[in-house]
Amino acid sequence: MSTTTTKGATDAAVVTELIVGGMTCAACVARIEKKLGRLEGVSATVNLATCRARVSHPATVPVAELIAVVEGAGFTAALPEPEPEEPATDAGDTAGNGRPDGPAVTRLLVTALLSVPVLVLSMVPALQFDNWQWLCFVLASPVAVWGSWPFHERALRGLRHAAATMDTLVSLGVLASYGWSAYALFLGGAGRPGMRMPFTLVPSMTGGTADVYLEAVVGVPLFVLTGRLLEARARRGTGSALRALASLAAKDAVVRDADGTERRVPIARLRVGDVFVVRPGERVATDGVVVAGSSALDLSLVTGESAPVEAGPGTAVVGGAVNSGGLLEVRAEAVGADTQLARIARLVEEAQAGKARVQRVADAVAGVFVPAVLAVAVTVLGFWLGAGAAPQAAVTAAVAVLVVACPCALGLATPTALLAATGRGAGLGILVSGPQALEGLRRVDTVVLDKTGTLTTGSMTVTEVTGDTAALRLAAAAESGSEHPVGRAVHAHVRETTPQDAPLPRATDFTATAGVGVRAVVEGRVVEVTRPDGEGTERPELPAPLADALARAERHGRTAVLARVDGEPRAVIALGDTVRAGGYRAVDHLKRLGLRPVLATGDGAAAAHAVADELGIAEVHARATPEDKAELVRTLRERGHRVAVIGDGVNDTAALAGADLGIAMGGGTDAAIGAADVTLVREDMGALADAVRLARRTSVTVRSNLLWAFGYNMVTVPLAAVGLLSPMVAAAAMSASSLLVVGNSLRLRGWQPRPARATANKRRTLR
């Protein structure tokens with residue numbers, strides 16, 4: 001969807017996404033944002049790397065007016081297609097995913113064929129024959145006009161709008177070099193037969209016969225076109241996350257009707273409630289619940305989980321998962337834009353459309369940088385002419401300044417790193433809502449952790465059995481008809497721990513009493529699974545082992561039930577919530593990263609402290625209401641801490657929204673995910689530590705990119721101004737700077753979390 005609506009206090013604000021063409025540097029970004037910002041109530045964020053503009057505007061401002069403003073600034077604009085194809089662009093002009101079109105490649109190839117002879121003859125004096133300069137002039141002329149036409153066209157477009165961009169610098173550099181060379185050939189004596197021109201990387205400031213600078217005429221567009229082509233391909237790599245997510249979606253599904261007949265339908269025609277078949281090796285078509293069959297699902301491409309997940313009747317499955325084993329019948333629970341995969345894609349797209357604070361500073365600098373460079377070039381030309389230097393030397397220095405001072409690297413330094421980081425995060429099951437979330441992750445120093453559903457799985461599990469194992473089997477048979485979480489946990493535990501060829505006996509005369517337990521007849525014996533005090537207020541006398549087990553369960557905050565057979569106490573079954581695998585290691589990693597973990601839960605003190613002790617968390621807030629959690633966050637922030645909150649339930653929403661950074665578990669409620677800045681799709685607390693490390697690595701990459709972008713201009717512009725860089729070398733240096741920045745950002749695509757410790761983290765079970 002290209003537009004979304006968010007209601008404010010009084011008016012409805014519409015967010016529209018536009019694909020913008022014709023941008024080549026950060027100055028273009030600044031100009032578009034400035035033009036759109038002049039409309040009342042409109043604000044825009046333009047991303048150079050994705051060539052997309054995210055515009056917030058009142059509903060009374062039509063999209064057509066936004067497009068007209070962008071086009072009036074000298075660019076192209078359009079709404080994205082529902083199913084975007086690779087749009088055609090000119091060299092250096094990207095839209096959507098930035099794929100160059102055929103004519104752009106043709107332009108580069110022809111330019112290269114015409115330029116190579118000129119470069120060779122100009123740089124190797126031994127190959128210069130009589131009238132070589134005229135041959136070079138003939139070959140260079142098409143390059144100066146047709147090969148450089150994209151730069152001239154956009155420079156003229158900017159001139160009509162009183163704006164200067166990188167294309168202005170390149171166009172002026174090419175025209176100035178070509179114009180001087182034409183003057184030298186026709187009027188300056190350089191066109192005489194037998195003329196020889198020595199090649200030097202550092203132009204001479206002394207007078208003499210007028211030289212021709214045809215190598216600059218062809219070298220500047222050749223290097224810039226090549227650099228932009230490589231840059232566009234590299235930028236496509238940083239934005240590959242969305243295309244990878246789109247490729248996970250199934251194209252069709254096999255629907256099984258009530259009469260057993262099967263029909264294959266396109267995924268767009270799948271409806272909630274339809275039952276579809278997933279065969280081995282196929283992708284799950286959409287989010288749903290397994291109604292028949294069992295198998296293992298590979299979720300690595302969707303959530304980042306490396307281990308296959310077992311799925312059977314009642315198991316929720318995610319669209320895009322790969323069926324690794326048997327045949328599954330799945331009932332569709334969500335389709336289209338409501339699926340988890342679609343939600344992930346939206347989060348990634350919104351994150352990549354955002355802009356970090358440091359990027360806004362760079363764009364603002366670039367907006368005034370190009371006019372400043374033009375002023376410097378004119379000043380350099382006047383200075384050298386006034387100092388008595390040869391006219392061609394003065395022109396050469398001015399052209400070198402124009403060419404070398406390209407703000408491309410400055411404009412790409414931050415967005416390419418953010419693109420690569422958000423894409424890599426999605427691959428690891430870490431979804432960030434935008435660049436601000438990455439910045440927030442880097443700066444947090446305190447993490448407030450919810451317990452149930454966050455540190456623990458949120459499901460009841462048998463943790464300890466004391467007494468007769470035969471009684472446990474009878475208790476599981478009695479609980480087979482129960483829908484209570486305790487009954488389901490007891491039944492599931494016995495089913496998992498007994499051989500499949502030893503089925504549970506059948507229970508009859510089943511009776512369930514709310515708040516007490518169940519009673520049934522199994523193998524002719526009366527079996528009861530109840531609270532330890534049964535229906536009375538006094539707890540019955542128990543054998544010492546059972547009494548000790550009961551006390552132990554209460555001490556650790558666990559739930560305990562008593563199994564009686566024919567009225568005789570036979571076993572105590574302790575149940576509790578299960579700490580997520582790797583929980584201790586994840587908390588330990590957070591502490592090693594300098595973050596202070598704080599546990600805040602609505603559970604009682606015994607259960608809360610039991611979890612905290614097992615995970616190594618020192619600060620615990622038990623029996624915390626949603627208001628208490630929000631107040632805790634406020635207090636920590638008032639003390640100067642940068643607070644992140646991680647939770648999964650509606651009761652965590654207020655704290656998530658009030659924190660510096662909200663982090664939701666992917667299996668949590670929509671309310672929690674909506675209030676969070678980061679979503680951990682991977683049901684693994686270790687993803688949080690990975691997210692912090694990724695944010696810090698991204699910050700280092702952005703800083704190094706900006707350091708290079710600023711440092712490059714601070715060094716090369718003065719060198720060009722004093723005549724120590726030829727225009728051709730300046731063009732090569734300018735292209736290399738942009739490629740270096742993009743290449744440095746691409747390293748984030750291969751970033752890997754630290755390997756887990758060799759020692760296995762024991763699976764701890766607590767309430």
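- A donor-acceptor contact shorter than 3.5 Å links the side chain of R157 to the backbone of G74.
- Rounded to the nearest 0.5 Å, atoms OG1 (T635) and NE2 (H641) are 10.5 Å apart.
- Annotation: R697, atom CZ; neighbour count of heavy atoms from other residues, nucleotides and ligands within 6.0 Å does not exceed 12.
- There is a side-chain donor-acceptor pair under 3.5 Å between R703 and S699.
- No more than 12 heavy-atom neighbours from other residues, nucleotides or ligands sit within 6.0 angstrom of CZ on R269.
- When atom types are taken as modelled, the side chain of D287 and the backbone of G319 share a donor-acceptor pair closer than 3.5 angstrom.
- E33 has no carboxylate O lying under 4.0 Å from a charged side-chain N of R31, or vice versa, which leaves the two without a salt bridge.
- For the atom pair L595 CG and T446 OG1, the distance stands at 7.0 Å (nearest 0.5 Å).
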- Item | Test log, rule side-chain contact (heavy atoms from CB on, under 4.5 Å), inputs L225 and F151 | CA-CA 10 Å; L225 289 173; F151 310 116; 3.7 Å; yes

- Task: Please test L455 against D450 for side-chain contact (heavy atoms from CB on, under 4.5 Å), starting from the C-alpha separation and ending with a verdict.
- Result: CA-CA 7 Å; L455 292 174; D450 175 46; over 6 Å; no

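- Looking at heavy atoms from C-beta onward, V42 lies out of side-chain contact with S56 at the 4.5 angstrom threshold.
- For the atom pair OG of S745 and CG of N705, the computed distance is 4.0 Å after rounding to the nearest 0.5 Å.
- Of all non-hydrogen atoms in T76 and G22, the two that sit nearest each other are OG1-N, 4.5 Å.
- Here the side chain of R442 pairs no donor or acceptor atom with the backbone of V692 at under 3.5 angstrom.
- For the pair V678/L431, no side-chain contact is recorded, criterion being any heavy-atom separation below 4.5 Å from C-beta on.
- Just one residue in the list V14, L18, L79 forms a side-chain contact (heavy atoms from CB on, under 4.5 Å) with L66, and that residue is L18.
- Using a cut-off of 4.0 Å between Lys/Arg side-chain N and Asp/Glu carboxylate O, D274 and R271 are scored as not salt-bridged.
- Taking 4.5 Å as the limit, every side-chain heavy atom of R52 sits out of range of all side-chain heavy atoms of V20.
- Side-chain atoms of P266 and K251, non-hydrogen and from C-beta on, never get closer than 4.5 Å to each other.
- In the model, R693 has no side-chain atom that pairs as donor or acceptor with a side-chain atom of Q752 under 3.5 Å.
- Taking all atoms of both residues into account, the shortest heavy-atom contact from F276 to A285 is CE1-N, 3.7 Å.
- Two residues are said to be in side-chain contact when any heavy atoms from C-beta on lie closer than 4.5 Å; E17 and R54 meet this criterion.
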- Query: Taking it one step at a time, do I646 and L680 satisfy side-chain contact (heavy atoms from CB on, under 4.5 Å)?
  - Reply: CA-CA 9 Å; I646 177 168; L680 304 181; 3.8 Å; yes

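- Shortest non-hydrogen contact noted between V633 and A659 is CG1-CA, 3.7 Å.
- Considering all non-hydrogen atoms of both residues, A77 and I67 come closest at O-CG2, 3.6 Å.
- When atom types are taken as modelled, the side chain of T286 and the backbone of A334 share a donor-acceptor pair closer than 3.5 angstrom.
- Within the 4.5 Å cutoff, side-chain heavy atoms of L449 are placed close to those of V447.
- Side-chain contact check for N744 and S704: at least one donor-acceptor pair (N or O, by modelled atom type) lies under 3.5 Å.
- With values rounded to the nearest 0.5 angstrom, E40 atom CD is found 8.0 Å from T60 atom OG1.
- In this structure, the side chains of V317 and L297 come closer than 4.5 Å at one or more pairs of heavy atoms.
- How far CG of L36 is from OG of S43: 9.5 Å, rounded to the nearest 0.5 Å.
- Smallest separation of non-hydrogen atoms from A53 and V46: CB-CG2, 3.9 Å.
- With sequence neighbours left out, D445 forms a salt bridge (charged side-chain N to carboxylate O under 4.0 Å, His left out) with no residue at all.
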- Just do the side-chain contact (heavy atoms from CB on, under 4.5 Å) check on K629 and V645 with the steps written out, would you? CA-CA 9 Å; K629 292 183 179 181; V645 173; over 6 Å; no

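- One finds a salt bridge joining R637 and D660 here, because a Lys/Arg side-chain nitrogen approaches an Asp/Glu carboxylate oxygen to under 4.0 Å.
- Of the possible polar contacts, one joining the R696 side chain to the L593 backbone as a donor-acceptor pair under 3.5 Å is found.
- Between P58 and G41, the shortest heavy-atom distance links the atoms CD-O, 3.3 Å.
- Between L661 and R443 there is no side-chain heavy-atom pair separated by less than 4.5 Å.
- Between atom CG of residue L748 and atom CG of residue L694 there is a gap of 7.0 Å, rounded to the nearest 0.5 Å.
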